[in-house]
Structure formats: structure tokens, C-alpha cells
Amino acid sequence: LDQSTASKFLNLLLNESVKVQSDSKQTHLSVFLKAKALEEEGKKIIHLEVGEPDFKPPKEVKTALEEVYDKGYGKYGSAKGITELRKELAEAERDCTVENIMVCPGARFAVYLAITTLLNPGDEIIVIEPAWPAYKDCALNAGIKVRTIKTTLETKWEPSIDQINNAINENTKMIILNYPNNPTGKILPKELLASIIQTAKEHDLYVLSDEIYEEYSNDDWHSVSIYDYDKSIITRSFSKSHAMTGYRIGYTIAEKSIIDKMSKLQALSLTNVSEPIQYVALQALNADTSGNTEIIKSRLKTLVKIAKDIGLEFIEPDGAMYLFAKTKYKNFDATKFSEKLLEHGVAIAPGEGFGDYKEFFRITAIDETRLKEGMTILDTVLKESYE
Ligand code: PMP
């Protein structure tokens with residue numbers, strides 16, 4: 001075997017062992033499920049672990065739901081989505097036509113399609129941690145090896161170009177970016193992002209940029225689309241911006257050849273995204289969602305203030321809807337702490353779900369009253385346990 005084929009085989013074997021190990025980790029989802037079970041027993045839980053806005057979608061969504069039946073949407077359709085919606089989405093982007101857009105049932109499925117269709121078993125991807133766990137899980141599921149780059153609080157969650165270069169080898173095919181980031185809220189400085197894209201170009205890597213938190217960001221954020229890189233794939237969604245998580249609708253922006261590949265698997269597995277929901281999303285584009293952005297920004301500010309007051313250690317988020325923090329206590333174990341906190345009625349997301357961050361936890365910026373209540377309990381349990 002030549003070296004590349006041999007290392008691909010090795011990657012497949014390694015993946016099997018990683019799959020077994022990752023099953024035992026506590027994630028925001030496993031905590032959420034435990035919290036739900038407690039609620040069913042009649043316990044009250046403050047959900048600081050969830051990753052969805054707790055307000056309603058815009059009123060345009062309600063009107064669209066009322067009229068969609070009579071409009072006749074509800075047939076089989078194109079795997080890439082209804083043309084009217086793709087057209088409107090394309091118009092909002094730079095240098096983009098309808099051919100560059102595919103509607104998907106959520107950004108999660110878009111990520112799955114990109115990883116599964118553009119890469120082959122034994123290929124490698126780079127994930128910068130802390131990261132939303134699905135990137136790794138999708139890769140593992142497709143027999144693709146993940147090289148993680150660990151960033152730290154001390155380096156402001158910024159990867160170095162050296163770290164990226166060191167992770168690249170002949171099997172590396174893709175790097176995944178997610179800014180504003182879940183869980184840290186980080187937005188990379190412009191120059192660093194430009195250097196990462198340049199590195200990706202030099203090594204002919206796909207860049208999968210998950211921009212689902214684009215609307216929840218400060219003014220310094222910009223899309224990877226400005227680099228005009230023909231191997232970039234951008235995923236966006238109505239889930240966060242329009243508070244439409246359960247509607248399951250998002251989209252991908254990429255070169256036509258990439259969209260064509262991804263749409264084949266979408267056609268195979270789904271036929272098409274629900275037409276009524278696509279119509280609803282089309283109408284949702286008329287909504288002014290700036291109010292949601294302001295709500296999230298204000299909640300994040302409140303969360304930052306409380307977290308400072310109680311002595312948590314973190315980098316202030318530039319966007320998204322979370323705070324990723326640790327405590328001053330030595331040997332603090334966030335997984336154990338989250339279990340204990342749940343007994344006191346507050347759910348948080350343990351850091352180990354986002355990579356090798358056992359001492360960190362993620363808190364979602366929910367409505368201010370509940371947030372304050374939850375943070376007071378968190379502070380009390382923390383002090384009782386560690387002082
Ligand atoms: N990307 C990131 C970074 C997320 O945090 C989430 C959801 N929490 C998603 C994608 C999934 O989005 P969707 O609901 O559009 O599938």
C-alpha cells in the first residue's frame with residue numbers, strides 16, 4: 001500500500017475507537033433530556049443549556065401558516081428547493097445566483113450533506129475546538145477522520161496558522177469554521193480569518209463555514225463569502241435569526257458543482273424539503289428581525305455582567321447567544337457540577353460536549369428574569385460545593 005492509502009485505512013480503524021469513546025460524553029443534549037425527564041416528574045427546571053431562542057417566530061410566519069394551504073403549496077418539488085425562495089436568498093448574497101443556493105431542512109442537515117458528499121472515507125477534516133459536536137459526529141459517521149485544533153481561553157479562542165498548518169496532511173480535505181462560535185461567542189479577527197482562508201486555498205481545502213449565528217453578532221463579523229473562494233460552503237438557517245428551530249429550515253451557499261453533489265444525497269434521502277415550510281420561510285424573509293438581535297445582545301450583556309460579578313472566568317462573547325466559562329477553583333469538573341446543579345433545578349451544558357474542556361460550561365442567554373434566577377442558584381451551588 002502507498003502511504004496515503006495506508007493512512008486512510010488507519011483513519012478508518014481509529015474512527016471506530018473514537019465512536020465508542022464519544023458515546024459516553026455529556027453534551028448539552030444529554031443534559032436537556034435529563035432535565036426534560038425531571039420536568040415530567042413535576043420538577044421546575046431553568047434551562048440554561050438549550051441552544052434555541054425562547055421567543056416566538058415573527059408574525060409573518062403565523063400569517064404564512066394560515067394561508068399556505070389555500071396557496072396550494074404541498075407537492076413534491078425540486079431537491080434544491082422552491083425557486084422563489086432560492087431566488088430571494090440569492091439576492092441577499094454577494095455574487096450569488098439561484099444555482100448557488102440549496103434549501104435544506106436546517107443547517108444541521110446541510111453540514112451533514114457537505115461532509116458526507118464532498119469527502120471520502122479515510123479523508124480528514126480540521127475542526128477548531130471548542131466546537132458544536134455535530135461536525136465531529138457527521139465526520140465519524142461518514143468514516144472521515146477529524147483532526148482537532150484546541151484553542152484556549154488564554155489565546156482568546158483563536159487558532160494559530162501554525163496549528164492549522166501542523167494539522168494538514170495529504171488526506172486533509174476540509175476545514176470547518178463557525179463564527180460567531182457556539183459555544184464561545186467568538187468572532188475571529190479579520191486578518192486571522194483571511195490567513196485561514198489563504199491557507200485553505202494553498203492546500204486546496206474545502207472551507208465549511210457555519211454562519212448560523214450571523215444575525216447575533218457585533219459589527220465586526222463578516223461572512224466567508226467575501227473571499228470569493230470557490231471551495232467554500234456556507235450554511236445558514238432560519239432557526240436562530242427567526243426563532244424557527246422546530247420548522248427545520250436552513251440553506252447552503254456554494255458553487256453550483258458543490259450544490260449539485262449535495263442535492264443528490266438530499267434527493268435520495270428526503271425527495272425535497274417540505275413545501276409548506278419553504279413557503280413560510282419565504283414569507284419570513286419579509287420580517288424585520290432586528291428586534292431579536294437586540295434582545296439577544298441585551299441578554300448577553302446581562303449574562304456577562306452577572307458572570308463577572310460571581311467571578312466566572314471567560315472571554316466576552318462577540319456574538320451568538322452563549323457564554324463559555326470556567327471557575328477559579330482548581331480541579332473543577334463541569335460535568336459533575338452540571339449534574340449537581342440539575343438537582344437544584346438549573347441545567348447548563350458541560351464543556352466536554354464541545355471538546356477537551358472538562359472545566360468549562362456553556363450558559364445560554366435566556367430571558368433576563370429566569371437568567372438572573374438561574375445564575376443566583378448556580379452561584380450558591382458553586383460556593384456550597386467548592387468553598
Ligand atoms: N450550527 C450550529 C453552530 C448550531 O449551534 C446549531 C444548533 N444549535 C446548528 C448549526 C443547527 O441548526 P439548524 O437548526 O438550522 O439545523
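Values reported hereafter were calculated over all heavy atoms of this structure, with side chains retained and with hydrogens, waters and symmetry mates removed. Atoms within each ligand, like the ligands themselves, are counted from 1 in listed order.
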- Query: Between the side chains of Gln26 and Thr335, does any donor sit under 3.5 Å from an acceptor?
  - Reply: no
- What about the rings of Trp157 and Phe354, do their centers lie closer together than 6.0 Å? no
- Message: Test your reading of the model: is there a side-chain donor-acceptor pair from Ser263 to the backbone of Gln266, 3.5 Å cut-off?
- Response: no
Would you mind writing out a table of all protein N or O atoms found under 3.5 Å from any N or O atom of ligand 1, naming both atoms and giving the distance to 0.1 Å?
{"residue": "ligand 1", "atom": "1 (N)", "partner": "Asp210", "partner atom": "OD2", "Å": "2.5"}
{"residue": "ligand 1", "atom": "5 (O)", "partner": "Asn182", "partner atom": "ND2", "Å": "2.8"}
{"residue": "ligand 1", "atom": "5 (O)", "partner": "Tyr213", "partner atom": "OH", "Å": "2.8"}
{"residue": "ligand 1", "atom": "8 (N)", "partner": "Lys240", "partner atom": "NZ", "Å": "2.9"}
{"residue": "ligand 1", "atom": "14 (O)", "partner": "Ser239", "partner atom": "OG", "Å": "2.6"}
{"residue": "ligand 1", "atom": "14 (O)", "partner": "Arg248", "partner atom": "NH1", "Å": "2.9"}
{"residue": "ligand 1", "atom": "15 (O)", "partner": "Ala107", "partner atom": "N", "Å": "2.7"}
{"residue": "ligand 1", "atom": "15 (O)", "partner": "Ser237", "partner atom": "OG", "Å": "2.6"}
{"residue": "ligand 1", "atom": "15 (O)", "partner": "Ser239", "partner atom": "OG", "Å": "3.2"}
{"residue": "ligand 1", "atom": "16 (O)", "partner": "Ala107", "partner atom": "N", "Å": "3.1"}
{"residue": "ligand 1", "atom": "16 (O)", "partner": "Arg108", "partner atom": "N", "Å": "2.9"}
{"residue": "ligand 1", "atom": "16 (O)", "partner": "Arg248", "partner atom": "NH2", "Å": "2.7"}

- Under 3.5 Å, is there a donor-acceptor pair linking the side chains of Glu129 and Tyr357? no
- Item | Ring centroid separation Phe238 to Tyr247 under 6.0 Å | no
- Spacing of CG belonging to Leu89 relative to CD1 belonging to Ile253, to within rounding of 0.5 Å: 7.5 Å
